[in-house]
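First the structure, in the form of structure tokens, and then the observations on it.
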Amino acid sequence: MHLTELMELALTLPAACAESPFGPESICVRLGEHGRIFASFMPMPGWVSFKCDPNRGMDWRQQYPGTVRRGWHCPPVQQPYNNTVTMDGTVPDAVLAAMLHHSYDQAVASLSRTGREELLGSLRPYRPEEEALVQSWVADELTYWRWSAGSVGSWPMQPGALNSRLASYERCWPMVWCWQGQPAGFVMLYPQKDAEGGIRYGYVLLDPARRGEGLGKRMIACTAHHARTKRKALSQHLAVYENNPAAVACYMANGFLPDDARLPRVDTCMGEKWQCVQMKR
């Protein structure tokens, strides 16, 4: 991966914006217009700096000695919280992406609750009386199958279908995502049984009236933060149909990658064979 490709990847992250506060020779990508810088690019001589948890940062430095080092541009007290990576091809693309998304997570965690809600919205528990609202967001049969794989009764959905399905889970946390104080999305979280500390996403849905605004990425970023901080998730998992490229792109922009340890499954939906890809971050 070239430096420019990594920069382009950084700019796909929710609420990311670029500027050059230290002069034209460097480009910084921050969370929102006034938020924390989470990636600093120096085209010449060709390196990038990321925020990092000290222990995670040390692991990368030990794994790639000389190529990954403490943030040289930082005061000594801040150096353990920053890594500078020389873009010489030593660090694999997947690891560079992991460093970027980890740095982004650090920036999100540094925000105040109010600042985070302004950029990424907020999650709150779903209430059964909101069923009609959530089901109204499933506007057509294609959306229904992509959303539920047919697990919420027949199409069109009947009153009580979603609440009945949620009640069938032994343990789950249905959540409503709010943007600017108004309900705009839905996601269910539940334990990933075969991964210790893993959290799985289900029934991810955005109000169709809010599509095209980049809000899907913000909702997933908000959910990922919630899973890490409130559910103490060590890993996050989901499944998505290949014929839903917008959803695939949204998840990948938030650090989800195909989970090679889990085979894709094939479902019969609307009389067709759909391949469902397992993803993990």
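A distance-only check finds no donor-acceptor pair linking the side chain of Gln158 to the backbone of Gly153 [under 3.5 Å]. Here the side chain of Glu5 pairs a donor or acceptor atom with the backbone of His2 at under 3.5 angstrom. For Lys217 (side chain) and Thr12 (main-chain N/O), a donor-acceptor pair under 3.5 Å exists by modelled atom type. In this structure, the side chain of Gln135 does not engage the main chain of Leu133 through any donor-acceptor pair within 3.5 Å. Listed for the Ser168 side chain is a donor-acceptor partner under 3.5 Å among the backbone atoms of Arg165. Side-chain N or O atoms of Thr67 include none that pairs as donor or acceptor with a backbone N or O of Tyr64 at under 3.5 Å. Panel note: side chain Ser148, backbone Tyr144; a donor-acceptor pair is recorded below 3.5 Å. Under a 3.5 Å cut-off, the side chain of Ser112 and the backbone N or O of Gly115 do form a donor-acceptor pair. In this structure, Ser40 contributes its side chain and Cys28 its backbone to no donor-acceptor pair below 3.5 Å.
There is no side-chain donor-acceptor pair under 3.5 Å between Gln106 and Arg56. In summary, the side chains of Gln192 and Asp194 do present a donor paired with an acceptor at a separation below 3.5 Å, with no hydrogens or angles considered. Looking only at atom types and distance, the side chain of Thr90 has a donor-acceptor partner in the side chain of Asp88 under 3.5 Å away. Between the side chains of Arg69 and Thr86, a donor-acceptor pair is found at a separation under 3.5 Å. Inspection of the Trp274 and Glu272 side chains reveals an N or O donor paired with an N or O acceptor under 3.5 Å. Donor-acceptor pairing under 3.5 Å is recorded for the side chains of Tyr241 and Asp267. Of the N and O atoms on the side chains of Ser235 and His237, at least one donor lies less than 3.5 Å from an acceptor on the other residue.
Under 4.0 Å is where a charged nitrogen must lie from a carboxylate oxygen, and between Asp259 and Arg262 at least one such pair does. Of the charged side-chain nitrogens involved, at least one lies within less than 4.0 Å of a carboxylate oxygen, so that Arg124 and Glu130 count as a salt-bridged pair. Looking at Arg61 and Asp59, no side-chain N of the basic residue comes within less than 4.0 Å of a carboxylate O on the acidic one, giving no salt bridge. A salt bridge links Asp105 with Arg281; the closest basic N to acidic carboxylate O contact falls under 4.0 Å.
Rounded to the nearest 0.5 angstrom, Leu6 CG and Asp93 CG are separated by 9.0 Å. With rounding to the nearest 0.5 Å, the separation of SG in Cys250 from CE in Met219 is 7.0 Å. Rounding to the nearest 0.5 angstrom, the gap separating the OG1 atom in Thr223 from the CZ atom in Arg228 is 10.5 Å. Rounding to the nearest 0.5 angstrom, the gap separating the CG atom in Leu189 from the OH atom in Tyr201 is 6.5 Å. Separating the OG atom in Ser103 from the CG atom in Leu13 is a distance of 9.5 Å, to the nearest 0.5 Å. The SG atom of Cys17 lies 6.0 Å from the CD atom of Glu33; values are rounded to the nearest 0.5 Å.
Under the 6.0 Å cut-off for aromatic ring centres, Phe50 and Tyr81 do not qualify, their centroids lying 6.0 Å or more apart. Between Trp147 and Tyr203, the ring centre distance stays below 6.0 Å. Between His102 and Trp60, the ring center distance clears the sub-6.0 Å criterion.
Using cut-offs of 30° and 60° for the angle between ring planes, the Tyr190 and Tyr169 rings count as tilted.
In terms of heavy atoms, Asn83 sits closest to Gly57 at ND2-O, 3.1 Å. Closest approach of Pro183 to Val176, counting heavy atoms only: CB-CG1, 3.8 Å. Considering every non-hydrogen atom in both Tyr126 and Leu162, the closest pair reads OH-CD2, 3.9 Å. Taking every heavy atom of both residues into account, Pro14 and Ala221 meet most closely at CG-CB, 3.8 Å. Closest approach of Val134 and Leu205 over heavy atoms only: O-CD2, 3.6 Å. Shortest non-hydrogen contact noted between His101 and Gly255 is NE2-N, 3.2 Å.
One hydrophobic cluster, built from ILVMFWY side chains closer than 4.5 Å, cannot hold both Leu166 and Met175; they sit in different ones. Follow the hydrophobic side-chain contacts under 4.5 Å out from Ile199 and you never reach Met188; the two are in separate clusters. A continuous path of ILVMFWY side-chain contacts below 4.5 Å connects Phe41 to Val95, so both sit in one hydrophobic cluster. Taking hydrophobic clusters as Ile, Leu, Val, Met, Phe, Trp and Tyr residues chained together by side-chain heavy-atom distances below 4.5 Å, Val29 shares a cluster with Met99. Both Val152 and Leu142 sit in one connected hydrophobic cluster of ILVMFWY residues. Membership requires side-chain heavy atoms under 4.5 Å apart, directly or through other members.
Under the rule for a ring-ring contact (aromatic ring centres under 6.0 Å, His included), the partners of Trp179 that lie at least two apart in sequence or sit in another chain are Trp177.
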